[in-house]
Amino acid sequence: MDESNNYRHQHPLLLILNQEQLINYGSGVADCSRCGEKVSAPCFCCVDHCGVYLHKVCAEAPLELNHPFHPHHPLVLLQEPPSSYTWCYCNLCGKTCEKFIYHCSCEFDFDIKCALFTFNIAENNLKELEHVALQHPLVFTENGDEELEDVAKCFVCREPLAKYTHFSPDCGFNLHEKCAKLPFKLNHVCHRKHPLVLQNIGFVYGCSPCNFSVHIECVSPSPIIEDKSHQHPFSLILRQAPFICDACGTKGNHAAYACCTCNIMVHKKCISLPHIIKCRWHHHPVSNTYFLHKEHFGTLDCMICHIEVNTEYGSYYCVDCNIIFHVNCANRDPLFFYVVSPENEDEKPLDISLNSITNVIERNDAGEATIIEHFKHNHYLTLSGKIREYGNKCCDGCMLLISDSFYYCSECEFFLHKACAELPKMKPIWFHLCPLATLVLTSDNIFRCEICDFISNALRPDALSCPGHEHPLLYYFDFDGRCSACGLDINRAFSCKDCNYSVQPLCMLLPTRVSHKCDEHLLALTYHDIHDYSKHHYCDICERKRDLKRWFYHCTTCDTSAHVKCILGEYPFIKTGSIYKEGDHPHSLTFVKKIKLYPECTKCGEPCEELALECAEPDRYLTVRDF
């Protein structure tokens, strides 16, 4: 142990050369007073035991540093961020800087740890990093096989560390040995004008004057790649000009991979594109078209983004239904599509009965089922066409008024449109907010989305047209705008390609006719307000002003107008009296509305003012938002 200068500390500092001396000195675990990391020998500590410890490299850090990653100005070592800063973060690691930083007046900052570490990498001063070999620990799998534990990733290339690596005990950065030895500057065939310089952000090689950059792994890419998804190898071609990838149809820069046998040129990432994928809301598998004969295709729009697909390049196509998807649309989200392995390409769906009609008791001469058993009800249901007699009743399936042939129960008030009775028990609802979710029956009357917990009595067929708009509406999975029906900001919508008209999925499900105590007649869903007089622009229920651009309910006979929410309430797709089974709750729960005296919710303690769940056990209620 040697006593040295105090490095701007009030007491002398002692140099500790090894870990044993550090432990004997009385501090096996301590933090560096400059970088904040755990200290390890060699380091300095205060002889007066005031708790100050410094890594040797931090203690000897220069007061001014000409850093290669910031070549225009010198960086000055400050004991703390400038007083003008409300907060300070390191431009390399992004973490908050609270103590010693290297600062430039152009608001460029490195914490001391990142500054010294990257400086030594750029200057190839590997000895200064005091690297030691580190072997990763072995873990054992369930089969008893040895496997390397993935404890860290390389700070430079962000890839998992190999079995042997290097690390810096003074700053805790892990590095592959090859990444520690990367040259600071290099000449590259794709950019002959200037040398490429190692950049600090993202660790790429770049040319600032030309705004040109290359990933580290792309500086020396593999010359030949073989992949099981293609029968021939791909060879690297370095180009001066951009190219269009034959697999995905998008632009590529400089590094292309070509199959000379098939005469195609692709991105590196597109080499491993799967031949066949399955869409979660489409019955057939779809195939990548650069494996098919393209002369059979016409002009088609992508089913995801609705932009025309250029069939000169790769896409995913269903030959049975003549529908198509851009490669990038099909691969951007695993919720939409999943890969079919070659051994499972002919996989058949499970033979599970999804028929809602569990038994047909009688049929008429035309073969129609006139008396049925249905999985949503405990009694027999009878087919009827007496729409006038039951026109004021609502279907217990879609929650709309009876307007077509229907089944009814002679023992209780239960009605189902014939079309609703024939819907399957499970169905992927691709226009639902979780568009590829499957709605599954969870009780006698309630459906719940398996992904977002959206609940509903209603289960309606797909909707692609809107009576309030002259053009067809297409579903967009990525949308940024406002719903023309309710005015809310939305991220998924049915939208018109020809004009600025978009409707969120829930508004597309609104019933076109409803009854309400505010009027003796049925109220019709109305899409445009034709009145010019301001007195007509108010809701007759809440007496607040209506937005003339939004949908509302209206009676033409009485001239009654009301907000959609004032007519339908917060939960328009749940029918009071419906039964719901909540998890492990031992009793059935029934949907009720506006209970007398507004009892407290047994979960949150708030009064149940609107829709609530009533337990068969007395005096137990839940607000709908809490279940």
Side-chain angles (χ1 to χ4, degrees), residues 353-364 368-427 439-448 455-461 509 511 513-517 520 522 567-569 571-582 585-596 608 610-618 620-622 624 627:
S353 176
L354 300 180
N355 197 343
S356 298
I357 299 175
T358 56
N359 190 21
V360 177
I361 309 301
E362 289 185 10
R363 294 184 183 271
N364 58 21
E368 286 183 307
T370 54
I371 300 178
I372 63 169
E373 288 181 326
H374 195 275
F375 83 117
K376 284 193 73 176
H377 197 62
N378 296 327
H379 307 133
Y380 290 163
L381 300 179
T382 305
L383 184 65
S384 174
K386 299 178 182 179
I387 299 171
R388 287 190 177 184
E389 185 176 341
Y390 295 97
N392 62 341
K393 302 296 183 181
C394 288
C395 169
D396 284 88
C398 66
M399 302 296 291
L400 300 181
L401 291 169
I402 295 298
S403 58
D404 205 345
S405 298
F406 63 96
Y407 287 98
Y408 72 96
C409 176
S410 59
E411 299 184 42
C412 57
E413 284 216 347
F414 184 86
F415 302 88
L416 278 178
H417 286 120
K418 184 175 182 291
C420 292
E422 294 169 350
L423 286 172
K425 291 180 186 177
M426 287 176 123
K427 187 178 182 183
L439 294 186
V440 182
L441 184 72
T442 58
S443 72
D444 284 346
N445 290 309
I446 296 295
F447 287 84
R448 177 189 284 276
I455 58 170
S456 173
N457 279 95
L459 186 59
R460 296 176 60 185
L509 295 174
R513 293 187 301 155
V514 295
S515 59
H516 193 272
K517 63 182 180 181
E520 61 179 325
L522 292 177
I567 293 291
L568 300 179
Y571 303 96
F573 303 110
I574 298 178
K575 184 179 180 181
T576 54
S578 300
I579 307 298
Y580 179 76
K581 180 65 177 173
E582 164 63 12
H585 190 75
H587 312 112
S588 295
L589 300 171
T590 305
F591 282 98
V592 292
K593 185 178 285 187
K594 297 205 172 184
I595 314 154
K596 188 177 180 181
C608 298
E610 288 293 334
L611 193 66
L613 284 163
E614 182 180 35
C615 179
E617 185 178 324
R620 288 180 64 86
Y621 297 90
L622 289 171
V624 170
F627 77 91

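Residues: numbered from 1 along the sequence shown.
Of all heavy-atom pairs between Leu522 and Arg513, the closest is CD1-NH1, 3.3 Å. Across Cys409 and Leu381, no two heavy atoms sit closer than the pair CB-CD2, 3.8 Å. Of all non-hydrogen atoms in His374 and Ala421, the two that sit nearest each other are NE2-O, 3.0 Å.
Rounding to the nearest 0.5 Å places CG of Leu416 at 11.0 Å from CZ of Phe406. The CD1 atom of Ile372 sits 10.5 Å away from the NE2 atom of His377 when rounded to the nearest 0.5 Å. In this structure, CZ on Phe414 lies 4.5 Å from CG on Asp396, to the nearest 0.5 angstrom.
Between Asn378 and Cys412 there is no side-chain heavy-atom pair separated by less than 4.5 Å.
The side-chain hydrogen bond (donor to acceptor under 3.5 Å, both in side chains) pairs that include a residue from residues 404-417 are Lys393-Glu413, where partners are two or more places apart or lie in different chains.
With sequence neighbours left out, Glu368 forms a side chain to side chain donor-acceptor pair (under 3.5 Å) with Asn364. With sequence neighbours excluded, the residues satisfying side chain to side chain donor-acceptor pair (under 3.5 Å) with Asn359 are Glu373.
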